[in-house]
Asker: 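Got a structure here, written out as C-alpha cells. Questions coming.
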There are 4 protein chains.
Amino acid sequence: MDLTKLGLAEKERKILEAAIDVFSEKGFSGATTNEIAKRAGVAEGTIFRYFKTKKDLLRGILIQMLNLLGEPVIMEGVRKILLQSEEKEMRRILKALILDRMELINSVFPMVRIVITEALYHEDIRDAFFQNVLAKGIEIFSIFHQQMVVRGMIRPDVDPLAMGRSIVGNIALFVIFRRFFAEKFSPTDMERDLDQVIDIIMFGIAGEASREQK
Amino acid sequence: MDLTKLGLAEKERKILEAAIDVFSEKGFSGATTNEIAKRAGVAEGTIFRYFKTKKDLLRGILIQMLNLLGEPVIMEGVRKILLQSEEKEMRRILKALILDRMELINSVFPMVRIVITEALYHEDIRDAFFQNVLAKGIEIFSIFHQQMVVRGMIRPDVDPLAMGRSIVGNIALFVIFRRFFAEKFSPTDMERDLDQVIDIIMFGIAGEASREQK
Amino acid sequence: MDLTKLGLAEKERKILEAAIDVFSEKGFSGATTNEIAKRAGVAEGTIFRYFKTKKDLLRGILIQMLNLLGEPVIMEGVRKILLQSEEKEMRRILKALILDRMELINSVFPMVRIVITEALYHEDIRDAFFQNVLAKGIEIFSIFHQQMVVRGMIRPDVDPLAMGRSIVGNIALFVIFRRFFAEKFSPTDMERDLDQVIDIIMFGIAGEASREQK
Amino acid sequence: MDLTKLGLAEKERKILEAAIDVFSEKGFSGATTNEIAKRAGVAEGTIFRYFKTKKDLLRGILIQMLNLLGEPVIMEGVRKILLQSEEKEMRRILKALILDRMELINSVFPMVRIVITEALYHEDIRDAFFQNVLAKGIEIFSIFHQQMVVRGMIRPDVDPLAMGRSIVGNIALFVIFRRFFAEKFSPTDMERDLDQVIDIIMFGIAGEASREQK
DNA sequence: TATGAATGAGAATTCATTCAT
DNA sequence: GATGAATGAATTCTCATTCAT
C-alpha cells in the first residue's frame, strides 16, 4: 500500500503505515499506540499531534484507503480488464481479472483485514465501503455486462448485479481457500484450479439432465 | 444459538451466552468481563471460576460452537437437503439449501461474526474451523456431487471441491448483500433474486457466443 | 511435627498440617485457602468452620506450636542433654546438644520458617515466642550454667544469658551454613566441622598473644 | 539506606525507597502497589514504567542492595575494622566491629528484613546473597585470620570459616536480643554486655576443669 | 457438619492521553 | 513541532469469606 503520493507529512505517513501494520496484526483494540509509535519510529505523543484519538487514527486509515485509494488503485485493474481489454474470449478476461485481484489482495491484505473486521462491526464503515468501493464496482460490472451482452458473450437474462456478485463470490472463495487452507489439500495445480473456477462461472454446474428441465 | 442441551451449569451457560453477545458486538478486546458478567447476571468473579482467563472464555465459545455444534447444528441442514432430500430437481435443492443457510446465519450471526474475526487473526482458529466445519462440508458436497453426477444432474467434469466453493461463494455474497447492503438497492423481490443466483450457479453467465467457443 | 496427640478433630488437624505446609512454602499472604483446603482434603468452607479467618488459622498454628508444643517437644531435648546428662565432658554435652537441635530443626523446618518470618513482622508473635520458647530456654541454660560452674566446667565469670546466646548463635550459624550453603564449599567432614564449633564455644578464638593481654 | 548516589531517575529512586519501606513492613505479598505508589508520591502506573511487575520491583530492590551496595556499604566497614585497623588489641577490634554492625543493621533494618524473608523462601535470593555478601565476608575474615595468626592473636588451629561463623553468630544473637527482646530483661549496661560477648568469643565458656581435659 | 458455588472487594497491570520541556 | 515521562481510569484477575443445600 503506497501512501507516498498523498500530501502527507513524513511522520504522518509513517504513523499511518505503522498503524495499518499493527491494526492488521492485532485488531484495533488489540493494538497499542505504544507499539505503533515504536514501529513508526516516532514518540508516542507525536501520534496525537496528527490524530486526536486512537479511533481517529483508525478513521484516518480507512479514509485514506477508501476515499483516496478506493477508486484509483482498487478499481483501476477491474476497469482495465473488464472494459478496456481487447481480449475477445471471456475465459481469458475472467482469468486476468482473478489473477489481478489475487495480486491486489495479497498486496493490501493488512488493510483488507482491517476493513473486513471493522465493517463487520460498524455500519458507517460499511457505508463508506459501499460508496467508495462497492458502488463503483457495481457500475463497472454493469457496463461490462452491457458490452458483453451485446457481443453475445453473456446471457442477456442474467441481472448484472447478480452476475457481479457471483463472480466476486467465486473469486473470494477461491482466494480464501488458497490463502488460508491451501496446505490442507494435495497441492493442486493453480492453473487448472483457476480454469475450473472460470468454467463454473461461465457454464455453471448443471449436468445434461438438469439442463433439459430448464 | 441454543446452548441448553449441553451439560452446562446454569451459570456457565449464561456466561457463555452473554459472552457471545458482547464479543460479537464489541469484538474480543473491546469486550469487558465486567459487561459480560452484568449481562449474564453473575458476579465478575464467577466468570473466572468457569474460565481461567478471558481468552479461555473465547476459546470456550469457539469450542462450544465448533466442536459441539459444528456438525450437528451447522451441518445437519446441509446434509438433509443435499443428501436425504427426495427432491429431484436441483433448482429446488439449491433453493432449499440457500434458504436454510440464510436462516442459520441469521440465528447464529453473533457467533459467525466472532469466528470470522478470530479466524482472520489466528491460525489455530482457522484450523479448528477447518476440521470441524469445512472438512465436513467438503465431505458432504463430495457425496452430493457423486450422487448428482450419477443422475446426470451435475456435470461430471467439475471438481467437487470447486463446485462446493462456487456454491458457497454465491450464497455468501448473496447473504452479505441482503444483510448489509439491501437498503442500498431498490427493493427487489427476494424470490426472483434467489432464482437468479440459482440460475447462475447452475448454468453460468456465458452467452451463446461464449458457449460456442467452448 | 506430630499433631496427633492433641485433642483435635480429624479435619482440624488435617487443615493445620496442610496450612503449615503451605504457609511454609509460600508465606502467609502468598498461601491461598484454596490450596490449603485441597492439600487437607477438605472443602474450602470447612476451613472457616474451624478458623474464623485466615489470620486465625495462622494464629492457630503458632499457638499450637508455641503453647502446646513449645515446652515438651522443643525444650525436652535441651533439658535432657543439658541437665540430666550423666556425661561429664562438656565437649560431649555440646555435641549432643547440637546434633539434637539439628535434627529438631530439620523435622520442624516448615514451622521454624513461619515463626521466623512472622516474628520479624509482628510483635505479638515475638512475645509469644519469648514466653513459650525463649524464657524456658533461658531458664534451662541458667540451671545448666549453675551446675557446670559448680563442677568447674564453665567459667564462673560468664553471664548465663550471654553464654546461652553464644551457644545458640554458634549453633544457628552452623546450621544455616550446612542447610543453605553447604554445596558452596568443598564437602567438609561434618564431624570435624562440629568439633571446631565446639572448640570455639569452649575455648574461644584468641591466640597466646591475646591471652597474655587478658 | 541512601540511594541518591546511583544514577537513578528521581521517581525511580522514590519508588524504590517506598517499596523498601512497604515490603519491609508488610512483606512482599502483603504489600500493595497502591500503597507503594502513594508513599512514593507517584501514580500507580508510574511504578510499572520502571518495573514491569511487582516481582520485578522486589528484584530491583535486592539487586540494588546486593550488587551495588553489597560490597561498598556492607563490607566496607568490616574491611576497615578487620584489616586496616591500627588497633593492636583484638578485644578493641571486635568491639569496633560489633558496634559498626549494630549501627549498619539499624540503618538498613528494612532491607535486612526483606532479604531474610525472601532468602528463606527462594534459592536464587540465597545465591545472590552468597555471592554478593557472604563470599566477600568470608574472604575478609580469611585475611583477618591470617594476619592475626601471624601476630599470635588468634589460635592457629581454628578454621577461618568456623571462626567467622562464630563471630557472626555471636553478634547476630546479641543484636537480635537487644533489638527484639531488650525490654524483657532488667536494663543491662550495654557496654558490659558487649564485653561479655567479646570475652566469650575470645576465650570461650570453658572453666578450669574443662580446660584440663583439653 | 461439610460442602463448594458464588460473591465482590481489592489487587496488579495496561494504555490512551496529557503536558512540561 | 516533537518528545517521552507521567498519569489514572479502566481492566483483568484473585481470593477470603459466605451461605444455601
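Within every chain, numbering begins at 1; the chains are lettered A, B, ... in the order of the sequence lines, protein sequences first and strands thereafter.
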Asker: Write down the distance between CD1 (Ile15(B)) and P (dC13(F)), rounded to a whole number of angstrom.
Answerer: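 It works out to 14 Å between those atoms.
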
Asker: Answer whether the closest heavy-atom distance between the side chains of Val42(C) and Ile36(C) falls below 4.5 Å.
Answerer: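 No, side chains not in contact.
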
Asker: At a heavy-atom distance below 4.0 Å, what parts of residues 34-43 of chain C sit against DNA chain E?
Answerer: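 By residue number: Val42(C), Ala43(C).
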
Asker: When the distance from CZ of Arg13(B) to C1' of dA6(E) is rounded to whole Å, what number comes out?
Answerer: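 Roughly 17 Å, once rounded to whole Å.
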
Asker: Start with the C-alpha distance between Glu118(C) and Arg113(C), add both sets of side-chain angles, then the distance that settles salt bridge (Lys or Arg N to Asp or Glu O under 4.0 Å), and finish with yes or no.
Answerer: CA-CA 8 Å; Glu118(C) 295 306 314; Arg113(C) 188 138 72 173; over 6 Å; no

Asker: Without decimals, in angstroms, what is the distance between Leu58(B) CG and dC13(F) P?
Answerer: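 It is 12 Å, rounded to the nearest whole Å.
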
Asker: If the condition is side chain to side chain donor-acceptor pair (under 3.5 Å), which residues does Arg59(C) pass it with, not counting sequence neighbours?
Answerer: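 Side chain to side chain donor-acceptor pair (under 3.5 Å) list for Arg59(C), sorted by chain: Asp56(C).
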
Asker: State which of dC15(F), dA6(F), dA2(F) makes the closest approach to the side chain of Thr32(C).
Answerer: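 Among the listed nucleotides, the one closest to the side chain of Thr32(C) is dC15(F).
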
Asker: With nearest nucleotides of DNA chain F determined for Ala31(B) and Ile47(D) from heavy-atom distances, which residue corresponds to the more 5′ nucleotide?
Answerer: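 Looking at DNA chain F, the more 5' nearest nucleotide goes with Ile47(D).
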
Asker: Going by atom types alone, do Tyr121(B) and Thr117(A) pair a side-chain donor with an acceptor below 3.5 Å?
Answerer: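 Short answer, yes.
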
Asker: Going by the rule salt bridge (Lys or Arg N to Asp or Glu O under 4.0 Å), which residues pair with Glu123(B) if we only count those two or more places apart in sequence or in a different chain?
Answerer: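 Expected list: none.
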
Asker: Indicate, with a heavy-atom threshold strictly under 4.0 Å, whether Tyr50(A) touches base, sugar-phosphate, or nothing.
Answerer: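 Tyr50(A): backbone/sugar contact only, no base atoms under 4.0 Å.
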
Asker: Side chains of Phe129(A) and Leu62(A), heavy atoms from C-beta outward: is any pair under 4.5 Å?
Answerer: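 No; the side chains remain at least 4.5 Å from each other.
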
Asker: With side chain to side chain contact (heavy atoms under 4.5 Å, CB included) as the criterion, how do Phe28(A) and Lys54(A) come out once you've worked through the C-alpha distance, each side chain's angles and the decisive distance to 0.1 Å?
Answerer: CA-CA 9 Å; Phe28(A) 174 73; Lys54(A) 188 186 171 193; 3.8 Å; yes

Asker: Please determine whether a side-chain nitrogen or oxygen atom of Lys55(C) lies at a distance below 4.0 Å from atom OP1 or OP2 of dT17(F).
Answerer: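 Answer is no, no contact under 4.0 Å.
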
Asker: Could you check whether any side-chain heavy atom of Leu16(C) comes within less than 4.5 Å of a side-chain heavy atom of Leu57(C), counting everything from C-beta outward?
Answerer: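 The answer is yes; the side chains approach within 4.5 Å.
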
Asker: Looking only at side-chain atoms of Thr33(B), point me to the closest of dT7(F), dT17(E), dT12(F).
Answerer: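 Per side-chain heavy atoms of Thr33(B), the pick is dT12(F).
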
Asker: dA6(E) phosphate, OP1 or OP2: any side-chain N/O from Lys14(B) under 4.0 angstrom?
Answerer: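 No, no such contact exists.
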
Asker: Given a 3.5 Å cut-off on both pairing distances, which stems involving DNA chain E, each at least three consecutive Watson-Crick or G-U pairs, are present, if any?
Answerer: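 E:2-21 with F:2-21 - these are the stems of 3 or more pairs that involve DNA chain E.
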
Asker: Sequence neighbours excluded, which residues qualify as side chain to side chain donor-acceptor pair (under 3.5 Å) partners of Lys26(C)?
Answerer: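 Once residues adjacent in sequence are excluded, the partners of Lys26(C) under the side chain to side chain donor-acceptor pair (under 3.5 Å) criterion are Glu35(C).
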
Asker: Between N or O atoms, less than 3.5 Å apart, protein on one side and nucleotides 18-21 of chain E on the other: list the pairs.
Answerer:
none

Asker: Could Lys11(B) and Tyr50(B) be counted as a cation-pi pair, given that NZ or CZ must be under 6.0 Å from the ring centre and within 45° of the axis?
Answerer: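 Negative - Lys11(B) is either too far from the ring of Tyr50(B) or too far off its axis.
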
Asker: In sequence, state the C-alpha distance, the side-chain angles, and the governing distance for Ile125(C) and Leu120(C), and then conclude on side chain to side chain contact (heavy atoms under 4.5 Å, CB included).
Answerer: CA-CA 9 Å; Ile125(C) 308 291; Leu120(C) 275 171; over 6 Å; no

Asker: Nearest whole angstrom, please: distance from the P of dT14(F) to the NZ of Lys54(D).
Answerer: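 The answer, rounded to whole Å, is 14 Å.
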
